[in-house]
Amino acid sequence: MSNIQTAGTYRLGDRDVNRLGYGAMQLAGSHVFGPPKDREAAIAVLRSAVANGVNHIDTSDFYGPHVTNQIIREALHPYGDDLTIVTKIGAVRGADASWLPAFSAADLTRAIEDNLRNLGLEVMEVVNLRIMFGMEPTEGSIEAPMTAVAQLQQRGLIKHIGLSSVTPTQVQQGRSIAEIVCVQNQYNLAHRGDDALVDELAAVGIAYVPFFPLGGFAPLQSSTLSDVAQRLGATPMQVALAWLLQRSPNILLIPGTSSVAHLQENLAAANLVLPPQEIAALDQIYTIGA
């Protein structure tokens with residue numbers, strides 16, 4: 001059993017969570033749409049994650065849609081007191097599996113109600129407002145959807161608010177409307193556009209939660225990464241996760257998988273310490289890519 005406590009904890013809202021968590025996106029079917037091929041295997045992954053100390057699970061009711069939240073409820077409800085479930089709102093799925101923006105107050109209210117019902121909760125601990133102005137974070141005012149989410153918080157349906165797929169300017173705008181406890185953007189060894197934002201958030205105690213920490217739908221491929229892993233007797237993905245853990249103390253990881261074996265491999269990254277010379281070598285991956 002992996003000792004993920006080795007990686008430490010960080011504040012998320014009003015809870016300290018282990019820095020290695022779990023992302024539930026891969027529990028849905030192909031293209032994050034429809035049911036999984038093996039529902040029992042999905043349930044086993046969730047139960048194994050919690051048994052290994054994971055107390056931060058990232059999900060959304062637009063995974064499936066509804067599928068992952070229903071599986072989480074079946075696997076883990078009633079939830080342990082220390083389990084923090086974080087969801088995302090701001091999108092819906094089309095019949096063709098497309099991802100469609102859903103920013104109106106009615107859309108956001110419906111999304112929260114769906115999450116609560118499918119998870120079997122009365123209040124969400126943390127809700128990330130995902131901004132979908134483009135494929136990448138794109139400038140534009142988030143005042144209207146952010147205000148709507150803040151009103152849901154005032155109604156007692158949400159404890160804490162986060163932001164996802166946002167620019168630094170949008171983070172500042174969001175913080176002017178309500179307290180922001182986390183930011184969830186794409187970030188990994190090869191995708192480091194948020195370097196300055198990670199440090200800015202760390203300075204004010206806001207968690208940064210990178211999605212696609214292992215590259216997402218196109219897994220990280222690098223001879224440098226493979227060489228470092230070989231020298232350390234680890235897998236490339238373990239090294240990529242360990243790099244993120246050492247990058248900044250406010251980074252919380254949510255690698256996803258539908259396999260118990262792969263889950264165990266990911267969690268073992270908590271015990272991997274990268275020497276300075278190996279970190280320097282890994283930093284070159286982004287420099288070369290850029």
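On a predicted model such as this, the values are computed, not experimentally measured, just so you know. Excluded from the calculations below are hydrogen atoms, water molecules and symmetry mates; all remaining heavy atoms, backbone and side chain alike, are included.
Residue pairs meeting the side-chain hydrogen bond (donor to acceptor under 3.5 Å, both in side chains) criterion with at least one member in residues 143-156, sequence neighbours excluded, do not occur.
For CD of Glu122, the number of neighbouring non-hydrogen atoms (other residues, nucleotides, ligands) closer than 6.0 Å is 12 at most. Within a 6.0 Å radius of CZ in Arg73, other residues, nucleotides and ligands contribute more than 12 heavy atoms.
Counting all heavy atoms, side chain and backbone alike, Val54 lies closest to Leu20 at CG2-O, 4.0 Å. Between Ala202 and Ser248, the closest heavy-atom pair is CB-OG, 3.8 Å. Considering all non-hydrogen atoms of both residues, Thr224 and Ala281 come closest at CG2-O, 3.5 Å.
Looking only at atom types and distance, the side chain of Thr167 has a donor-acceptor partner in the side chain of Glu139 under 3.5 Å away. Residues Thr59 and Asn69 have side chains that bring a donor and an acceptor to within less than 3.5 angstrom of each other. Using a 3.5 Å distance cut-off with no hydrogens or angles, the side chains of Trp243 and Asn188 do not pair a donor with an acceptor.
The closest side-chain heavy-atom distance from Leu272 to Leu274 is below 4.5 Å.
Considering CG of Asn271 and CD of Gln238, their distance stands at 9.5 Å, rounded to 0.5 Å.
Looking at Asp195 and Arg247, a side-chain N of the basic residue comes within less than 4.0 Å of a carboxylate O on the acidic one, giving a salt bridge. The pair Asp61-Arg117 does not meet the salt-bridge criterion, since no charged nitrogen lies less than 4.0 angstrom from a carboxylate oxygen.
With Tyr208 as the partner, the side-chain hydrogen bond (donor to acceptor under 3.5 Å, both in side chains) test is satisfied by one option alone out of Asn250, Asp194, Asn185: Asp194.
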Open item on the list: What verdict does the ring pair (Phe, Tyr, Trp, His ring centres under 6.0 Å) test give for Phe103 and Phe133, after you've listed the backbone C-alpha separation in whole Å, the side-chain angles of each residue and the deciding distance to 0.1 Å?
Closed with: CA-CA 10 Å; Phe103 286 154; Phe133 292 160; 5.7 Å; yes
TODO: Step by step, work out the side-chain contact (heavy atoms from CB on, under 4.5 Å) result for Asn128 and Leu163.
DONE: CA-CA 5 Å; Asn128 287 317; Leu163 291 170; 5.8 Å; no
Open item on the list: Applying side-chain contact (heavy atoms from CB on, under 4.5 Å) to Leu197 and Tyr187, what does each step give before you reach the verdict?
Closed with: CA-CA 11 Å; Leu197 180 59; Tyr187 186 78; over 6 Å; no
Open item on the list: Please evaluate residues Leu263 and Tyr22 with respect to the criterion side-chain contact (heavy atoms from CB on, under 4.5 Å), reporting the C-alpha separation (whole Å), side-chain torsions for both, the decisive distance (0.1 Å), and the verdict.
Closed with: CA-CA 9 Å; Leu263 170 73; Tyr22 174 76; 4.0 Å; yes
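Aromatic pair Phe33/His31: centroids not less than 6.0 angstrom apart.
In the hydrophobic clustering of this structure, Phe62 groups with Met124; members are Ile, Leu, Val, Met, Phe, Trp, Tyr whose side-chain heavy atoms approach within less than 4.5 Å, directly or through other members.
With sequence neighbours left out, Glu278 forms a salt bridge (charged side-chain N to carboxylate O under 4.0 Å, His left out) with Arg231.
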